[in-house]
Number of protein chains: 2
Amino acid sequence: MTKDRYHHGDLRRALLDAALHYIEANGLAALSMRELARQAGVSPAAPFRHFESRTALLTALAEEAMDGLVQSVDAALREAAQAGPLMQFRAVGVGFLRWALAHPTHFLVISSRAYIDFEKPTLRERNDRIRAAMEGYMRAAAEAGLLRAGDVGRTLVGGRALVYGIARMALDGQFPSWGLDAHNPLDEATAILDQYIAAIAA
Amino acid sequence: MTKDRYHHGDLRRALLDAALHYIEANGLAALSMRELARQAGVSPAAPFRHFESRTALLTALAEEAMDGLVQSVDAALREAAQAGPLMQFRAVGVGFLRWALAHPTHFLVISSRAYIDFEKPTLRERNDRIRAAMEGYMRAAAEAGLLRAGDVGRTLVGGRALVYGIARMALDGQFPSWGLDAHNPLDEATAILDQYIAAIAA
DNA sequence: ACCTGAACACCGTTCAAGT
DNA sequence: ACCTGAACACCGTTCAAGT
């Protein structure tokens, strides 16, 4: 409707949306600021009014991704509010898997440290909060005698590595070659996490 | 010694070596063919006599990385030749971790599917062979009654995801924030794998 | 306040021509 | 056989100028 070439309305929003779709279709490496400008119908210089660099734009996208991750983890934790600490640890993993498999491009962006500035407090701090939550639940599970013998720190990191690795394998399309049902990857991923939980439980 | 500007001697080799060092220092995203040409003292067009594209060069680097991975896995398997199938499964993981932590840039290249052509038979086939070996050992362990109750396929993928995830976490420098000793990441990574093996064992 | 236009120093890649 | 030189169509980013 507003056909102005000047005053786009919300160029920042339009650029972020265009970036997400472009990455989804063509990958992170191919993304160009000039292409985003073209898609938004503005000059090549216009995006730099809103993002000081390509890295800044991708970091902003990563921040929005982090919003979604935090919300997904919080939602899963609310569902497990009545459960014990080991099930709350599981809930963090479930929240992560749900989010990663539902928003693969956001997951790709947030885990591509070569392209974003992960040291931004809005990323680092929220990432640390999730890590601290996982650690808290795992230590509580250990103190409650819910874990089999072993080093708690290693059980914790093993779980975190497993969840991250599953997400990567699912999104890289590796499930079929490992003989897993790729039709419902989230159910499969959750089942693998559940089997880990069962294996570490007392 | 040979100061010829023409006939470099082994430009192909020089480009691959320069690429590895450049990526180690500056990351994959920043690598440029022109920069590699400059480092080798040749014209911008010269590299394209040896690699038809940037992707082809990085794929060749990934093939050399795969050589190292296969050798590392084979060496670990030889060490475990007398052991049972569950320990042979472990050996594949140990071979992977040793290689990934000792050659982080090669690991980065081989796992960056946006930049390489993973469908090349030399990559895909050797990757599949490692996967098939892991599956064989895991199924043999199950048949020998070495595993606790559970779905074997999920135990297998869980182990593979855990090993891959540990490597990523170690190389991303995440060990300290998880309270792990980062001084000897390989020992720590192996201990986490061993705890997984212990947890899934009967 | 927000965008354009032109510029600068880069890219990957091609191709005719040189040795 | 192997490399150069020049060219083409791109980049990210800056900055003075326009509205």
Side-chain angles (χ1 to χ4, degrees), chain A residues 1-23 25-62 109 112-117 120, chain B residues 1-62 109 112-118 120:
Chain A
M1 307 303 177
T2 74
K3 290 187 185 173
D4 323 343
R5 269 158 343 286
Y6 287 46
H7 296 87
H8 181 281
D10 198 348
L11 181 54
R12 186 190 145 88
R13 182 74 264 137
L15 291 168
L16 289 171
D17 292 345
L20 188 66
H21 292 128
Y22 189 89
I23 294 166
N26 307 100
L28 251 169
L31 183 72
S32 99
M33 295 295 270
R34 292 179 100 107
E35 173 63 25
L36 297 183
R38 248 174 261 127
Q39 289 189 17
V42 294
S43 84
F48 292 88
R49 286 279 127 197
H50 297 272
F51 304 101
E52 68 180 343
S53 67
R54 185 173 179 276
T55 298
L57 183 146
L58 287 170
T59 303
L61 203 54
V109 170
S112 77
R113 308 217 169 165
Y115 289 103
I116 67 175
D117 176 16
K120 259 213 147 187
Chain B
M1 307 304 179
T2 72
K3 291 189 186 170
D4 323 342
R5 265 151 355 277
Y6 287 47
H7 296 88
H8 180 281
D10 198 348
L11 182 54
R12 185 190 146 87
R13 182 74 263 136
L15 292 168
L16 288 171
D17 292 344
L20 189 65
H21 292 127
Y22 189 90
I23 294 165
E24 195 175 342
N26 307 100
L28 253 170
L31 182 73
S32 97
M33 295 296 269
R34 293 179 100 108
E35 173 63 25
L36 297 182
R38 247 173 262 130
Q39 290 189 15
V42 295
S43 82
F48 291 89
R49 285 281 125 194
H50 299 272
F51 304 100
E52 67 179 343
S53 67
R54 186 172 179 276
T55 299
L57 185 146
L58 288 170
T59 303
L61 203 55
V109 170
S112 76
R113 309 217 168 162
Y115 290 102
I116 67 177
D117 175 16
F118 203 79
K120 257 213 148 187

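Letters go in sequence order (proteins before strands), and every chain restarts at 1. Note that the structure is a prediction, hence the values are computed from the model and not measured.
In terms of heavy atoms, A:Ala60 sits closest to A:Arg12 at CB-NH2, 4.2 Å.
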What's touching nucleotides 9-12 of chain C from the protein side, N or O pairs under 3.5 Å?
from: C:dC11; atom 1: OP1; to: B:Arg38; atom 2: NH1; distance (Å): 3.4
from: C:dC11; atom 1: OP1; to: B:Arg38; atom 2: NH2; distance (Å): 3.1
from: C:dC11; atom 1: OP2; to: B:Arg38; atom 2: NH2; distance (Å): 2.6
from: C:dG12; atom 1: OP1; to: B:Met33; atom 2: N; distance (Å): 2.7
from: C:dG12; atom 1: OP2; to: B:Met33; atom 2: N; distance (Å): 3.0
from: C:dG12; atom 1: OP2; to: B:Arg34; atom 2: N; distance (Å): 3.0
from: C:dG12; atom 1: N7; to: B:Arg34; atom 2: NH1; distance (Å): 2.7
from: C:dG12; atom 1: O6; to: B:Arg34; atom 2: NH1; distance (Å): 2.8

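B:His21 NE2 to B:Leu36 CG: the interatomic distance, rounded to the nearest 0.5 Å, is 12.0 Å. In this structure, CZ in B:Arg38 is found 5.5 Å from OG in B:Ser32, a value given to the nearest 0.5 Å. With rounding to the nearest 0.5 angstrom, the CD1 atom of B:Ile116 is 12.0 Å from the CG atom of B:Leu57. Distance NZ/A:Lys120 to OG1/A:Thr55: 12.0 Å, rounded to 0.5 Å. Distance CG/B:Leu15 to CG/B:Leu20: 13.0 Å, rounded to 0.5 Å.
C:dC2 atom C1' lies 14 Å from atom CZ of A:Phe51, rounded to whole Å. Computed from coordinates, the A:His50 NE2 to D:dT13 P distance equals 15 Å when rounded to whole Å. Rounded to an integer number of Å, the gap from CZ of B:Arg49 to P of C:dT13 is 14 Å. If you take CG of B:Leu15 and P of C:dT13, they are 13 Å apart, rounded to a whole angstrom. A:Leu11 places its CG atom 13 Å from the C1' atom of C:dT4, with the value rounded to the nearest Å.
With distances taken from any side-chain atom of A:Ala45 to the nucleotides C:dG5, D:dT4, C:dT13, the minimum falls on C:dG5.
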Derivation of the side-chain contact (heavy atoms from CB on, under 4.5 Å) call for B:Phe51 and B:Leu16: CA-CA 10 Å; B:Phe51 304 100; B:Leu16 288 171; 3.8 Å; yes
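Remark: the backbone N or O of A:Ala46 is not paired with any side-chain donor or acceptor of A:His50 at under 3.5 angstrom.
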Dot-bracket encoding per residue of DNA chain D, Watson-Crick/G-U cut-off under 3.5 Å, | denoting interstrand: ||.|||||...|||||.||
